[in-house]
Amino acid sequence: MQLITTIAAMRAARAEQTLLGLVPTMGYLHAGHLSLVRRAKAECGCVAVSIFVNPTQFRPNEDFSRYPRDLERDLALLAAEGVELVFAPSADEIYPADFGTYVILPAADEVLEGAARPNHFRGVATVVCKLFNIIQPTHAYFGQKDAQQTVVIRQMVRDLNLPVEITIAPTVREADGLALSSRNSYLSPSERAIAPQIYQALMAAQARYQAGERTAATLKHTVAALLQQEPAFHMEYISAADPLTLRELKLIGPQGALLSLAVRLGSVRLIDNLLLTEV
Ligand code: PAF
């Protein structure tokens with residue numbers, strides 16, 4: 001496995017491959033990342049993983065400086081998966097002092113995570129576009145856990161004609177249902193114990209959907225009512241939106257819905273979602 005820190009060295013290493021699967025990450029890897037790596041390995045043979053805590057996708061009051069980092073552990077995990085290339089650049093390598101071009105999807109800032117975290121998706125789209133240009137993967141892999149991110153990346157790839165095939169893989173969960181996230185490491189033991197209620201509330205709404213309920217407000221209320229029973233949760237938003245456009249729905253039609261939420265639990269902000277689809 002090659003650990004690469006410069007754009008020039010990354011380009012040289014990339015030139016030796018034909019098919020190349022990229023798994024972009026911010027490090028502190030968990031089983032969700034590793035499931036993307038395995039998928040990339042199975043489909044492309046050669047895999048690159050980027051590890052870069054991207055400063056431009058954090059707001060000034062967010063957790064950029066305390067975001068968990070452990071490069072040595074990440075490298076050991078990736079070596080065990082047979083990853084060929086790890087790209088772990090410095091912030092200056094990606095954003096030199098005269099950096100001044102951003103990829104902006106204005107609609108993304110109007111809803112869900114974009115509305116809650118202005119400019120977050122400008123940072124995500126910009127760094128993913130740069131990673132695609134630097135690494136030039138044929139395929140790239142993202143998790144469904146960050147549902148709006150997957151919509152933003154698919155749109156950017158379409159709009160800018162980027163020659164990368166995007167795969168979105170299902171959310172990986174702990175045995176008790178909590179969606180895996182590097183930020184779960186912030187949870188105290190008591191917060192960790194109640195966090196799985198988020199998935200249980202989403203599942204309760206999914207059960208109502210499967211029983212025939214199609215009114216978005218009723219399904220959202222099912223989730224909110226369950227979470228309100230636990231005073232430690234502070235709901236930021238709960239949404240039932242068109243899975244492709246992320247427009248909020250009143251009635252759920254054949255296109256199904258993305259049921260998603262953000263809650264605060266102590267100082268930790270957790271997001272999760274389920275796709276409601278007709279079976
Ligand atoms: O999902 C993430 O970890 C990040 O948003 C990504 C895609 C690596 C861009 O920094």
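For ligands, and for the atoms within them, numbers begin at 1 and follow the listed sequence. None of these values were measured; they are calculated from a predicted model. In what follows, residues are counted from 1 in the order of the sequence shown.
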Side chains of [X] and [Y], donor plus acceptor under 3.5 Å:
X    : Y    : value
N54  : T56  : yes
D176 : Y199 : no
E43  : Y141 : yes
Y237 : E113 : yes

Worksheet entry | Polar contact flag for Q57 and ligand 1 (N/O pairs, less than 3.5 Å) |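 By distance alone, the answer is yes.
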Worksheet entry | Close N or O approach (Q149, ligand 1; < 3.5 Å) |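 Between Q149 and ligand 1, an N or O pair is found under 3.5 Å apart.
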What atoms in ligand 1 come closer than 4.0 Å to a heavy atom of [X]?
X    : result
P24  : 8 (C)
T25  : 8 (C)
V127 : 9 (C), 10 (O)

Worksheet item: What residue and atom, counting heavy atoms only, is the protein's closest point to atom 3 (O) of ligand 1, and at what distance?
Response: M26 CG, 3.6 Å
Worksheet item: Got a donor-acceptor contact below 3.5 angstrom from the R269 side chain to the A262 backbone?
Response: no
